[in-house]
Every structure is written in structure tokens, then in C-alpha cells.
2 protein chains.
Amino acid sequence: MATGRGAQATSPKGAAVTATAAEDAASAGKAPRTARGRRTLRAILDAAAEEFGEKGFHEGSVSGITRRAGVALGSFYTYFDSKDEVFRALVRDMSAQVRDHVTPAIRAAGHQIEAERAGLESFIAFVRDHKEIYRIIDEAEFVDPESFNLHYDSTAERIRARLAAAADRGEVRADVGEVHAWAIMGMNVFLGLRYGVRDDDAVPGDVADAVAAMLARGIGVPDSE
Amino acid sequence: MATGRGAQATSPKGAAVTATAAEDAASAGKAPRTARGRRTLRAILDAAAEEFGEKGFHEGSVSGITRRAGVALGSFYTYFDSKDEVFRALVRDMSAQVRDHVTPAIRAAGHQIEAERAGLESFIAFVRDHKEIYRIIDEAEFVDPESFNLHYDSTAERIRARLAAAADRGEVRADVGEVHAWAIMGMNVFLGLRYGVRDDDAVPGDVADAVAAMLARGIGVPDSE
């Protein structure tokens with residue numbers, strides 16, 4: 001059986017991304033050392049997303065997670081010290097999953113306004129397949145505020161940095177900064193809630209088109225496309 | 001002693017607004033019938049905001065609320081059936097307080113883009129004085145989802161309606177609709193979190209200026225001011 005990164009290279013793209021993230025997810029000193037261990041850890045995180053997504057942190061349990069994952073209780077404690085630790089790992093894992101899902105769409109775009117459009121469309125599609133992400137990240141505000149803050153700070157900083165690079169390329173206005181980054185993050189989070197989690201009554205591309213048209217006029221540089 | 005609305009008319013504006021809201025806040029069949037009763041109910045809601053804002057719903061207690069409010073436990077149960085009921089009333093009260101705080105600033109503006117600017121500036125200022133509002137409304141997602149959804153649905157609908165009226169007046173583009181309303185709500189919520197709750201490192205008017213400039217180009221109609 002293939003081990004390590006060789007096994008990931010043959011996996012679908014999403015699985016490779018999350019398998020990589022999973023290596024850092026275990027509690028201190030408990031990182032998996034084999035491909036099989038990484039798969040078990042991945043199964044535990046996916047089961048934790050289901051368990052906490054359905055029941056919330058307080059009602060969710062380690063035994064519920066291991067039952068969903070089809071692993072023994074001992075396997076859980078091979079990788080995590082506690083329910084708190086797996087929740088903390090899950091929040092960071094979901095944050096990384098969102099980032100890894102939308103980044104290729106953003107990078108493939110030829111112009112920053114198109115990149116923001118692609119990022120939002122990709123985010124809404126991701127949310128429709130992972131509706132539990134809102135409940136889990138929102139509950140982190142109470143269960144694990146450090147991970148909650150890290151998620152939004154790192155997301156806003158990523159947007160700010162890509163807007164600054166686009167301003168250097170002359171694609172968005174030179175006065176675009178942190179306020180715009182937090183504004184775009186807020187738009188995306190609430191549009192994901194409305195059109196991803198709540199209802200499938202709109203085409204994600206149409207929502208992204210409306211926002212991109214507003215941003216093209218609002219922060220774009222005319223004729224830079 | 002003056003009773004009923006006569007007493008409210010002599011109160012500062014904010015107190016009158018919240019006293020009105022408080023009349024609807026009590027549990028079914030427990031609405032206060034006197035000005036004194038309304039003041040007690042108001043004191044209980046303000047104490048509940050402190051208690052739940054500091055401790056969260058699960059750690060917060062009815063006795064903590066009555067201690068902060070300086071009222072007897074019996075007074076609490078004169079107006080509310082339970083801790084769940086006062087939390088539910090508090091979420092709706094805070095939603096109404098935000099609305100009543102920003103609405104005059106929005107109505108006073110001469111043009112819709114200026115109205116959105118004034119609304120955001122006013123919201124950030126409100127949040128700085130009521131930092132507990134995020135924690136309380138965010139926790140409602142778990143404790144009282146109906147009130148949580150009602151808060152965002154009614155806020156988005158209010159924005160959509162005022163944008164539609166502005167489109168009729170030729171102040172914003174005719175294609176502005178629900179997507180823009182949710183986008184603006186999301187921007188305001190995250191900018192309130194960043195510049196209201198987290199840090200006082202920016203002038204609310206400067207944040208609102210940056211957003212208004214983006215909106216003026218993004219959804220405004222040129223030369224309609």
C-alpha cells in the first residue's frame with residue numbers, strides 16, 4: 001500500500017487537500033505517522049463535523065463521533081486529548097477547507113474583480129455541500145474564541161493582501177484596504193448564509209454576478225480588464 | 001406620578017424608544033400595565049444584557065439578572081416565565097434597539113447613499129456602547145434560532161425595501177435587490193465586529209466614508225445627488 005504523500009497524489013483533489021490539513025489537526029505529540037493514520041484522523045474530523053453540526057458542541061459526544069466514524073474509542077484518543085481538542089481541530093480544519101476550496105477558483109481568474117466573483121460563487125457552492133460549517137464556526141465564538149477569531153482574521157488578511165496585490169497591478173483602486181476586505185468578507189459570509197445554507201433558490205453564479213458588478217464599479221479600475 | 005405614554009414623552013429619546021419596546025417584551029399575559037412596571041421590565045432586560053453578555057446563556061442565571069437589576073426574584077416572574085423567555089425577549093429587544101438607533105440617522109439623510117453611510121456610522125457607534133450585542137445575537141443561533149432568523153430576515157427586508165424606494169427615486173440602480181440587501185447587511189455586521197466590538201482604532205465616520213464611496217460607485221446612480 002502506498003504511504004504518505006504518494007497516496008494523496010492519487011486521491012481526488014479535495015481529499016488530498018484535507019489529508020494534508022489533517023496532519024496538523026491532531027493534539028500535540030499525536031500527529032499520525034502513516035497514510036492509514038491520516039485517513040483515520042480524517043474520518044474522525046468528518047464525523048466530528050456531522051456530530052457537532054447536528055447536535056452542537058454541548059450535546060455532541062466523543063462516542064457519537066467514533067460511532068459515526070466507525071472507529072474504536074481508543075483510536076480517537078490516539079489523535080485527540082478531548083472533545084474540546086477535536087472541536088478546536090475541526091474549526092481550523094473547516095477554515096482550511098474553505099480556503100483550499102475557493103483559492104484555486106480565485107487564482108484561475110484573470111482579473112481581481114473576476115477573482116472575487118469566482119471566490120463567492122465557489123464559496124456558496126462549498127457551503128451548500130457543507131451546511132454544518134456555519135453552525136460549527138459560529139459556535140466556536142463561545143467554545144473556542146481563539147479559533148473563531150483566527151478564522152476571520154486570517155480570512156480578512158488574505159482578502160486584504162490579494163486586493164493590495166491587485167491594486168499594484170492596477171486592477172482595483174489604490175485606496176482599497178482593510179475596510180474593504182472586512183466588507184467583502186461580511187458580504188460573502190451573509191450571502192453564503194442566505195443562498196448556501198438557508199435556500200437553494202438562487203444560482204450561485206447569479207448572486208456572484210450581482211456582487212461582482214457592484215464591486216467592478218465600486219472598487220474596480222475602469223478599463224483595466 | 002405620570003403613567004403610560006405621558007411618562008415616556010418626558011424621557012430622553014433612547015429611553016422612550018426602549019420603554020416602548022419593553023411593553024412587548026414580557027411573556028404572554030405578563031405585559032406591565034404601569035410606567036413603574038415598564039421601568040422594572042426595562043431594568044430586567046438591561047440586566048439580562050449584562051448577565052448574558054458576560055456569562056453567556058448557559059452560565060447566566062435568573063438570580064444573576066435580578067441581582068444586577070436590583071429587583072426581587074418575584075418581580076422577574078411577574079414579567080417572564082423563565083430564563084429562556086427573558087433571553088428570547090432580550091434578542092428581540094436588542095434587534096429593536098439597533099433598528100431604533102440607526103433609523104433616525106438613515107431617515108435624516110438626503111440621498112440613499114448618504115443614508116447607508118449614516119446607518120453604518122450610527123451602527124458602529126451603537127455597537128461600541130453595546131458590545132454585548134454580538135455575543136447575545138450570535139448565541140441566539142443556538143439558544144433561540146427563531147429570534148436569530150427573525151433578526152436577520154427583518155433587517156435584510158428593511159434594507160431591501162429602502163433600496164427599492166431609493167431605486168424608484170432614481171438614487172440607486174434599478175437592478176438593486178435582495179442580494180444587495182444581504183451584502184450590505186453582511187458588510188455592516190462584520191465592520192461593526194471589527195471596528196465596534198474589537199477595536200476602537202478607527203473613526204466610525206472614516207469606515208462609513210470608505211464603504212459609502214464604494215456603494216456610490218457600485219450601486220448609486222451618477223449625478224443623482
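Every chain is numbered from 1, with letters handed out A, B, ... down the list of sequences.
Of all the listed residues (B:Val176, B:Leu191, B:Val211), the one sharing the greatest number of non-hydrogen pairs under 4.5 Å with chain A is B:Leu191. Ranked by heavy-atom pairs shorter than 4.5 Å toward chain A, the options B:Val189, B:Ile184, B:Asp206 are led by B:Val189. For the set B:His180, B:His58, B:Glu178, the entry with the most heavy-atom pairs within less than 4.5 Å of chain A is B:Glu178.
Neither the backbone nor the side chain of B:Asn188 comes within less than 4.5 Å of any heavy atom in chain A. Using a 4.5 Å cut-off between heavy atoms, A:Asn149 touches chain B through backbone and side chain atoms alike. Both the backbone and the side chain of B:Val179 come within contact range of chain A, with heavy atoms under 4.5 Å apart.
Applying the side-chain hydrogen bond (donor to acceptor under 3.5 Å, both in side chains) test to B:His151 and every residue at least two apart in sequence or in another chain returns B:Ser95.
Atom CG of B:Leu193 and atom CE of A:Met185 lie 7.5 Å apart (nearest 0.5 Å).
At least one side-chain heavy atom of B:Arg217 sits less than 4.5 Å from a side-chain heavy atom of A:Arg173. Put simply, the side chain of A:Glu141 does not reach to within 4.5 Å of the side chain of B:Phe142, judged on heavy atoms. Using a 4.5 Å heavy-atom cutoff, the side chains of B:Leu215 and A:Met214 are in contact.
Annotation: residues 120-140 of chain B contacts chain A through B:Tyr134, B:Arg135, B:Asp138, B:Glu139 [non-hydrogen atoms, separation under 4.5 Å].
Salt bridge annotation for B:Arg198-A:Asp153: present, with a cationic side-chain nitrogen under 4.0 angstrom from a carboxylate oxygen.
For A:Tyr152 and B:Phe190, the ring centers are positioned less than 6.0 Å apart.
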